[in-house]
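Okay, structure first, notes after.
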Number of protein chains: 2
Amino acid sequence: METQPSARDRLLDAVEVLIATQGVASTPVDVILARAHVSPATLYAHFGNKEGLIAHALERRLTRWDRIWQECAEIAQTPEDRVLSVFDALVHQRDILGPSRWCTFLGVAAETPVRGENLDAALTRDTELLTRRLEEFAQPLVGDALAGTAARLVLLVYTGVLGMILRGDDMGKAVADGRGIAALALRSLGADA
Amino acid sequence: METQPSARDRLLDAVEVLIATQGVASTPVDVILARAHVSPATLYAHFGNKEGLIAHALERRLTRWDRIWQECAEIAQTPEDRVLSVFDALVHQRDILGPSRWCTFLGVAAETPVRGENLDAALTRDTELLTRRLEEFAQPLVGDALAGTAARLVLLVYTGVLGMILRGDDMGKAVADGRGIAALALRSLGADA
DNA sequence: GTCTATACAAAGATAGAC
DNA sequence: GTCTATCTTTGTATAGAC
């Protein structure tokens, strides 16, 4: 017999899918509750308010994203492929976590010009995680002095790929384009190193 | 004596600034009306509903963006600079139209998973205009066969620059990074041509 | 074309019981 | 921890007059 997930987990599951596919404003609390089969009071008891629930869901999603990315990074055969694994992870994530409209973190950021500190922290952590690991992966390739620059450039291209998906591009095409451009940038930096 | 802009123009001015800086969901109709010094009935008489007003404002903004970009393109000294003028136009636009949180068009797209056809058309036109002109500018540089690819790649980088601003980057820095990456991509394509 | 006043709907959050 | 029922606020849109 299946053990049913707790109301708390059902809320996190529900809001993650809804935010990833519909966004914050298009996801009223009622819809979250209906999908999670949970009552309003339970949501507010656990998370305080809608934003608190979203912040928690994003924290969890970032952890999962990190794990998925690590798996892709471990498969990489060369230092360059290791940096570029961030693009493979995008496709891998979709297969595992399900489809999203573009990027859940950037999407929430775009929708919340003002936000509480918990939500803000969750969004900041996404950019920080990407930057930190890209820098770590780039270091063997371009050296200490240029690793930060490499991370910034790859993050820019990665962000561009996500934006192209929002513009309506097919993910496979955008990822392939981005991977190619990022490789160029890395080789250019590597030549300077 | 100054001629006051019509209620219609005041509405377009107000909503453009508000959407560019705050986004759709954070811009209730009341706030638009207050800023435009216009009554509710006037808005609905002219534009049907909030989305209609936004769609019109975006159309107007795209026209202005196009003009600004053309000015930047005319100054360019080389074919490569002409393609890359799209990045200069970003800075120029901020000086002329005032600050925005990142990209007004992508921002609205991110906030509206479902939308009416007028609004959808306005958003599509942005991507189309960018693609078409980038292709036109890239043609002398990389040839007919690769112009489409060049346009796609530069648009991806351009979109990445905007996304980096959403992540909190300084616009000057993001633009400089993007310009450099796009130049690399263009030269790589040019070498193939 | 534009205004005042108001209706209607949606959405976030809470009270009190079990 | 969780539910039912409800309150409050906010936001979109319309009626009717000038």
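Labels below follow one simple rule: chain letters A, B, ... track the order of the sequence lines, proteins then strands, and each chain is numbered from 1.
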Just the rounded figure in Å: distance from P of D/dG1 to CG of A/L43. 14 Å

Over how many whole Å does the gap from A/F47 atom CZ to D/dT2 atom P extend? 10 Å

Assign a letter to each nucleotide of nucleotides 12-18 of chain C from its 5' end: B, base within under 4.0 Å of a protein heavy atom; S, sugar-phosphate only; -, no contact. SBBB---

Rounded to whole Å, please give me the gap between CD in A/Q22 and P in C/dA11. 13 Å

Using only side-chain N and O atoms of B/T42, determine if any of them is under 4.0 Å from OP1 or OP2 of C/dC3. yes

Check this for me, if you would: do B/D126 and A/R167 make a salt bridge, where the nitrogen-to-carboxylate-oxygen distance has to be below 4.0 angstrom? yes

Let me check something: any side-chain donor-acceptor pairs from residues 91-103 of chain A under 3.5 Å, sequence neighbours excluded? List them with distances.
from: A/S100; atom 1: OG; to: A/W102; atom 2: O; distance (Å): 3.1
from: A/R101; atom 1: NH2; to: B/A109; atom 2: O; distance (Å): 2.8
from: A/R101; atom 1: NH2; to: B/A110; atom 2: O; distance (Å): 2.9

Let me know the distance between CG of B/L11 and P of C/dG1, rounded to the nearest Å. 12 Å

Atom CG of B/L33 and atom P of C/dT6: how far apart are they, to the nearest Å? 18 Å

Return a table of donor-acceptor pairs under 3.5 angstrom between the side chains of residues 72-79 of chain B and protein atoms on other chains or two or more places apart.
from: B/Q77; atom 1: NE2; to: B/I75; atom 2: O; distance (Å): 3.3
from: B/T78; atom 1: OG1; to: B/D81; atom 2: N; distance (Å): 3.0

When the distance from CZ of A/R10 to C1' of D/dC3 is rounded to whole Å, what number comes out? 12 Å

Measure up the B/Y158 and B/W65 rings against each other and bin them: parallel (under 30°), tilted (30 to 60°), perpendicular (over 60°). tilted

Measure the distance from NE2 on B/H46 to C1' on C/dC3 and round it to the nearest whole Å. 12 Å

Show the nearest heavy-atom pair for residues A/V108 and A/T112, with the distance to one decimal. O-OG1, 2.7 Å

Closer than 3.5 angstrom, by distance alone: can the side chain of B/R125 be matched with the main-chain N or O of B/E59 as a donor-acceptor pair? no

